[in-house]
Amino acid sequence: MDHSFENHIFKNKKNKSFPCGNLKMPLTIHKALFCMVAVVIVTFHGTRLFYGLGEQTERAPTHQLSLHPRLPRQVSPPGPCTCPVGSVLLQEHLPNDQYEELVKRRAKELHQHKARTTSVLSRLLFALPNSPLQYPIQGFKVLPLTKTLIPGLALDPGQRSIFKVFLSVSKGLLTTEFPADRVKVEGQGGGRLLMESDSLVMLNDLLTKVSYTTTDYHIHTGDLAFFQFEDHKAVFPITIKQTSLPVLYDMGTDINSQVTITTKTFLRYPQLRMLLNSIRQFYSNIKVIIADDSFEPENITGEHIEQYIMPAAQGWFAGRNLAVSQVTTKYFLWVDDDFVFTEDTKIEKLVEIMEALPELDVLGGRVQQNQFYFSLIYEEGEEMEGGCLHRKSQGKFNPLPGYPGCFRASGVVNFFLARTQSIRSVGFDPKLQRVAHSEFFMDGLGSLMVATCNHVGIGHQPKTGKDKDHARYAKFRSPGKEENKFKLQLHFFKNHLKCVKYG
């Protein structure tokens, strides 16, 4: 910019040619107006220098400010997390002589996990101001090895004698139609395309016909496209994904074709029979699936009852996996074998909410008057140390709109309706035989949307202690120190945690 006019008017104050600084100059109306304009100009100009160019003036700071600070290329990796007071430090439950080797193996598994679950699409992208480039910023998805038009590509600059754009990708090939006489195209069928023309209309017409084709077959990944005109640069994401076949369940006409009741039993046949009798009082034809790992299995008969015998004492989660694997309905209702159906056990009400809110995966109720639920607060933590997890009993999130007494949580009591397909995708870890409930919801954190309601409940059978297998059952029911220790070691490796707080 030419500042000669400003330089002519605004000399150093010691320079007597500075018109408004010359006190001996006779003051006329014209000179007064001239001085007022001069003050306005210098004030505006000084502000521009301070915030824009960063030049040194009497008002400028010692450091320079930039209108366009350097942008980060990616989100900074998480730093060490802070274990809440009262946390269990998992390292203290590991064998000292195995700790370093465990950390190395865990780090390798974490690296592979991230390789499977992250892509270039997690990179930070910024739209710079005043760009003449038009491009898709979200929603551009292609099938692997399938030629797809890139929607929305266009250029809108001021007048130029020539217009030249570059487009490049790393995991695919770029093509466009055969150019007209006034358009030059280089790089057809490669990863970098140059398009040049003296006609903006012709160039934009050719941009609408640019296609992208992946070079490799990958079912779920991404690419970044770089688009440039002169000094203007833009990056936009391309999602590469093989479309999945939908897995749909025919809901039929009644609750019997919508829900299967599942349970796991072990040495508690009197309680199991009482549960089955109570179910038949309210739902005479609904299917019940029983996973049984008792030592001496008893035959459970009845219409619409399926009993699956397991090797003895395999544990609760192994039984859950078996039971859920045999469900053929859209939903299953999980119950313990010592529960009892009551007038409050209205499965239809749970189905109604799940159908109205298809984003839900698990919907819990209450047992007796206990609407047990919890929230999980997780910090990813530093890569070598691991994360921090806090399970907050009675912790909850926002309510479900339109359903009083219902709200979102991270985990619920052992009475819940669940989407069969969603639960199968998470599964129950069969390594956990006795100490297991919250652990399923920990594995499902970020995958399962969980909620709880207080208007649907189930009863709990009274404990008598008179059963023939009561003493033997109690031995398995109450886990020892070694089983608790094993669970903590599993959290350290499998869930990449350094501490857990149960509150």
Side-chain angles (χ1 to χ4, degrees), residues 77-111 113-114 313-318 320-321 336 362 364 367 370-397 408-414 416 426-448 450 452 474-503:
C81 61
T82 302
C83 296
V85 176
S87 295
V88 178
L89 301 180
L90 302 183
Q91 181 180 347
E92 297 178 356
H93 298 269
L94 301 171
N96 291 331
D97 59 342
Q98 299 178 24
Y99 176 72
E100 290 187 5
E101 187 60 31
L102 282 170
V103 169
K104 290 179 182 178
R105 295 205 307 268
R106 186 179 73 164
K108 177 184 175 183
E109 290 299 317
L110 180 66
H111 177 75
H113 167 75
K114 289 185 174 182
Q314 289 299 297
W316 194 25
F317 271 14
R320 274 190 169 185
N321 277 331
D336 283 355
V362 178
V367 178
N370 176 22
Q371 189 185 359
F372 174 75
Y373 48 85
F374 58 87
S375 62
L376 295 171
I377 310 301
Y378 171 59
E379 283 187 77
E380 187 175 353
E382 190 269 335
E383 192 164 292
M384 291 304 295
E385 281 191 347
C388 304
L389 186 70
H390 186 184
R391 190 199 72 178
K392 294 184 176 181
S393 295
Q394 304 307 108
K396 59 183 179 181
F397 304 113
R408 290 185 173 92
S410 300
V412 294
V413 72
N414 288 336
F416 58 82
V426 175
F428 303 90
D429 192 339
K431 290 181 179 179
L432 296 167
Q433 296 182 315
R434 307 282 171 259
V435 189
H437 179 65
S438 304
E439 291 69 24
F440 162 69
F441 293 102
M442 291 178 184
D443 288 347
L445 183 64
S447 299
L448 301 178
V450 181
T452 178
K475 176 184 175 182
F476 285 90
R477 179 67 178 85
S478 301
K481 291 182 179 180
E482 288 303 312
E483 287 177 300
N484 279 304
K485 183 178 180 180
F486 173 78
K487 181 187 77 169
L488 297 175
Q489 293 174 351
L490 190 65
H491 284 320
F492 173 84
F493 195 104
K494 172 185 158 184
N495 302 123
H496 195 252
L497 295 175
K498 74 173 180 180
C499 60
V500 180
K501 180 177 181 180
Y502 299 95

Out of Lys481, Glu482, Glu483, which residue meets the side-chain contact (heavy atoms from CB on, under 4.5 Å) rule with Lys485? Glu482
Does some side-chain heavy atom of [Y] sit less than 4.5 Å from a side-chain heavy atom of [X]?
X: Leu490; Y: Asp429; answer: yes
X: Asn414; Y: Val367; answer: no
X: Ile377; Y: Lys392; answer: yes
X: Asp336; Y: Trp316; answer: yes
X: Leu376; Y: Met442; answer: yes
X: Phe372; Y: Gln394; answer: yes
X: Asp443; Y: Leu448; answer: no
X: Tyr502; Y: Arg391; answer: yes

Looking at every non-hydrogen atom in both residues, tell me the closest pair between [X] and [Y] and how far apart they are.
X: Leu89; Y: Cys83; value: CD2-SG, 4.0 Å
X: Ser447; Y: Val426; value: CB-CG2, 4.3 Å
X: Tyr378; Y: Leu389; value: CB-CD1, 3.8 Å
X: Pro78; Y: Gly381; value: CG-O, 3.3 Å
X: Ala313; Y: Arg434; value: O-NH2, 3.3 Å
X: Leu432; Y: Glu439; value: CD1-CB, 3.5 Å

Candidate pair Glu385 and Glu382, rule side-chain contact (heavy atoms from CB on, under 4.5 Å), full reasoning: CA-CA 5 Å; Glu385 281 191 347; Glu382 190 269 335; 3.6 Å; yes
Side chain to side chain contact (heavy atoms under 4.5 Å, CB included) involving Val103 - partner list, sequence neighbours excluded: Tyr99, Met384, Phe492
The side chain to side chain contact (heavy atoms under 4.5 Å, CB included) partners of His111 (sequence neighbours excluded) come to none
Looking at [atom1] of [X] and [atom2] of [Y], how far apart are the two atoms once the value is rounded to the nearest 0.5 Å?
X: His390; Y: Cys81; atom1: NE2; atom2: SG; result: 13.0 Å
X: Phe493; Y: Leu94; atom1: CZ; atom2: CG; result: 11.0 Å
X: His113; Y: His496; atom1: NE2; atom2: NE2; result: 9.5 Å
X: Arg105; Y: Leu110; atom1: CZ; atom2: CG; result: 14.5 Å

Is it true that Glu383 and Lys114 have a side-chain N and a carboxylate O under 4.0 angstrom from each other? yes
Any sub-3.5 Å donor-acceptor pair from [X]'s side-chain atoms to [Y]'s backbone N or O?
X: Lys498; Y: Cys388; result: no
X: Gln489; Y: His93; result: yes
X: Thr452; Y: Tyr373; result: no
X: Ser410; Y: Ser375; result: no

Exceeds 12 heavy-atom contacts within 6.0 angstrom, atom CD of Glu101: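 Enclosed.
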I'd like to know whether Leu90 forms a side-chain contact (heavy atoms from CB on, under 4.5 Å) with Val500, so could you lay out the CA-CA distance, the side-chain angles of the two residues, the decisive distance to 0.1 Å, and finally the verdict. CA-CA 8 Å; Leu90 302 183; Val500 180; 4.3 Å; yes
Partners of Phe428 by ring-ring contact (aromatic ring centres under 6.0 Å, His included), sequence neighbours excluded? Phe317, Phe440
What is the ring orientation for Phe441 with His437, classed by angle as parallel under 30°, tilted 30 to 60°, or perpendicular over 60°?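 Geometry flag for His437 against Phe441: perpendicular rings.
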